[in-house]
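Throughout, a chain's letter reflects where its sequence line sits, starting with A, and its residues are numbered from 1.
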Protein chains: 2
Amino acid sequence: MAAGNDVMESRIGRMCIERGLKMTGQRRVIARVLSEAQDHPDVEELYRRAATLDSRISVATVYRTVRLLEEKGILERRDFGGGRARYEATEEGDHYHLIDVDTGKVIEFEDEEHARLLRRIANDLGFDLVSHRLELFARKRTADTKDESPPRTTTARPTGRSKR
Amino acid sequence: MAAGNDVMESRIGRMCIERGLKMTGQRRVIARVLSEAQDHPDVEELYRRAATLDSRISVATVYRTVRLLEEKGILERRDFGGGRARYEATEEGDHYHLIDVDTGKVIEFEDEEHARLLRRIANDLGFDLVSHRLELFARKRTADTKDESPPRTTTARPTGRSKR
DNA sequence: CTATTTGCAAATTGTTTGCATTAAC
DNA sequence: GTTAATGCAAACAATTTGCAAATAG
């Protein structure tokens with residue numbers, strides 16, 4: 001394995017540079033943490049992970065950084081309930097989140113049909129869709145539950161990333 | 001016009017009684033304010049309106065009351081961004097909100113197809129849908145924008161209530 | 001060098017809570 | 001009467017900010 005795990009700028013670090021952001025030590029660390037996150041951490045958690053890599057970092061800086069990166073379009077803020085904002089790197093194409101109400105685990109999925117439907121709805125009301133928010137809160141299906149949904153074929157599918 | 005605007009219990013006031021809640025003066029006032037609201041007021045706004053009708057009322061009571069009514073299923077809490085919770089009376093059938101990003105105005109709409117689609121998505125992922133959240137953020141269509149949506153007929157339609 | 005960024009602690013914002021007092025039922 | 005509800009102010013949790021010191025470019 002060849003991965004300059006300390007010399008090379010993280011993916012998000014590179015994006016920061018592209019946008020002309022000053023790369024301080026703490027910013028680089030936070031960028032790395034964000035680049036490596038496979039979940040949707042809140043600021044507290046980001047701070048914890050960042051502090052592990054470099055202890056001279058403060059929560060205030062984490063707050064300032066995520067806000068900055070959100071403004072730059074590098075990050076997206078999510079609200080899965082529970083009062084604290086959670087973050088994930090901006091990705092191509094919309095995806096949505098299903099939150100397991102029992103475990104808090106977050107599952108991502110895509111759904112083309114859905115995105116189209118929303119755009120149409122806004123259009124029908126005389127608006128252009130700027131953005132939207134969708135969260136499903138659900139519970140793992142119990143073995144016995146019979147399939148009651150229409151027989152139509154599915155467009156939904158998990159994107160693979162599974163979350164805390 | 002015949003409307004005992006002070007003698008009769010408001011719609012939500014009646015619901016409180018049905019569920020055996022003790023009807024204090026302030027609770028009655030808050031219930032009336034909620035019953036008459038045609039929008040999605042936050043606590044601050046509810047407090048302002050309630051205080052107009054009866055000044056001996058405190059924000060704490062408004063907070064306690066909306067929480068109570070939400071637990072009782074009489075009210076629903078919404079989050080349209082902006083940090084504060086907003087409330088509206090529980091209604092039959094799901095409806096969604098489109099927030100005009102320029103004016104902050106909220107438009108409600110229903111969409112049967114949509115609700116079905118969400119249930120199916122959860123199902124396909126192996127879950128039973130417990131609840132969901134959907135908000136559209138949009139901008140009034142500029143006159144020139146051509147219709148680019150599929151020619152299929154619409155299921156979305158405004159429910160009539162238009163909001164702040 | 002100069003403009004930004006950081007740390008720290010204090011400040012803000014939305015909301016909750018403890019406790020003595022008041023009011024429903 | 002008793003139990004629950006209220007007001008007030010203090011407590012909280014998440015996030016923001018002022019300012020002097022540190023640092024990237």
Side-chain angles (χ1 to χ4, degrees), chain A residues 9-10 12-34 40-48 50-51 53-72 74-87, chain B residues 9-10 12-34 40-48 50-51 53-72 74-87:
Chain A
E9 196 68 61
S10 65
I12 289 184
R14 267 176 273 128
M15 299 183 72
C16 290
I17 294 171
E18 273 173 39
R19 326 233 165 168
L21 297 182
K22 201 176 271 193
M23 284 313 279
T24 67
Q26 23 279 76
R27 218 168 255 181
R28 204 183 319 276
V29 169
I30 296 170
R32 175 172 299 286
V33 167
L34 286 167
H40 305 80
D42 56 31
V43 169
E44 188 76 11
E45 177 62 22
L46 287 174
Y47 172 58
R48 214 171 298 128
L53 303 188
D54 182 344
S55 58
R56 73 210 139 154
I57 207 169
S58 77
V59 232
T61 297
V62 179
Y63 272 107
R64 281 192 270 235
T65 304
V66 292
R67 186 141 57 88
L68 176 69
L69 297 200
E70 196 200 349
E71 280 162 13
K72 295 294 183 185
I74 298 173
L75 280 190
E76 283 178 9
R77 192 211 322 253
R78 303 286 179 197
D79 166 26
F80 297 154
R84 42 236 287 168
R86 298 173 59 173
Y87 293 87
Chain B
E9 196 68 61
S10 65
I12 289 183
R14 267 176 273 130
M15 299 183 73
C16 290
I17 294 171
E18 273 173 38
R19 328 237 163 163
L21 298 182
K22 200 177 272 193
M23 283 313 280
T24 67
Q26 24 276 80
R27 216 167 257 181
R28 204 183 321 274
V29 169
I30 296 170
R32 175 171 299 285
V33 167
L34 286 167
H40 305 78
D42 56 32
V43 169
E44 188 76 10
E45 177 63 21
L46 286 174
Y47 172 59
R48 213 172 299 128
L53 302 187
D54 183 344
S55 58
R56 73 211 140 156
I57 208 172
S58 77
V59 232
T61 298
V62 179
Y63 272 107
R64 280 192 270 237
T65 304
V66 292
R67 185 141 57 89
L68 176 69
L69 299 200
E70 196 200 348
E71 281 162 13
K72 294 296 183 184
I74 297 174
L75 279 190
E76 284 178 7
R77 192 210 321 251
R78 303 287 179 195
D79 166 25
F80 296 154
R84 42 237 289 166
R86 298 174 58 175
Y87 293 88

Tell me whether the OP1 or OP2 atom of C:dC8 has a side-chain N or O from A:S58 closer than 4.0 Å. no
Separation of atom OH in B:Y47 from atom P in D:dC8, rounded to whole Å: 8 Å
In whole angstroms, how far is the C1' atom of D:dA22 from the CZ atom of A:R56? 11 Å
Sugar-phosphate, base or nothing in reach of B:R64, heavy atoms under 4.0 Å: base
So does B:T24 get a side-chain nitrogen or oxygen closer than 4.0 Å to the phosphate oxygens (OP1/OP2) of C:dA24? no
Side chain of B:A60, heavy atoms from C-beta onward: which of D:dA9, C:dC25, D:dT17 has the nearest atom to it? D:dA9
For B:L46 and C:dT15, give me the distance from atom CG to atom C1', rounded to whole Å. 14 Å
Under 4.5 Å between any side-chain heavy atoms of A:L46 and A:T65, yes or no? no
Just the rounded figure in Å: distance from P of D:dA24 to CD of A:E9. 13 Å
Side-chain ion pair, A:E45 and A:R48, N-O less than 4.0 Å: yes
Can you tell me the distance, in whole Å, between the CD atom of B:E44 and the P atom of C:dG14? 7 Å
So, is A:R67 close to the D:dA14 phosphate, meaning a side-chain N or O under 4.0 Å from OP1 or OP2? no
Does A:D79 come within less than 4.0 Å of A:R77, counting only side-chain N to carboxylate O? no
Do the non-hydrogen side-chain atoms of A:T61 and A:I30 ever get within less than 4.5 Å of each other? yes
Determine whether A:I17 and A:M23 make a side-chain contact, defined as any pair of heavy atoms from C-beta on separated by less than 4.5 Å. yes
With a 4.0 Å cutoff (strictly under), does any side-chain N or O of B:Q26 reach OP1 or OP2 of D:dG7? yes
Taking for each residue the nucleotide of DNA chain C bearing the nearest heavy atom, is the 5' side occupied by A:T65 or by B:R77? A:T65
Testing D:dT3, C:dT6, D:dA14 for proximity to the side chain of B:K22, the answer is D:dT3
For B:R27 and D:dT6, is the shortest distance between a side-chain N/O and OP1 or OP2 below 4.0 Å? yes
5'-most by nearest nucleotide on DNA chain C - B:Y63 or B:L21: B:Y63
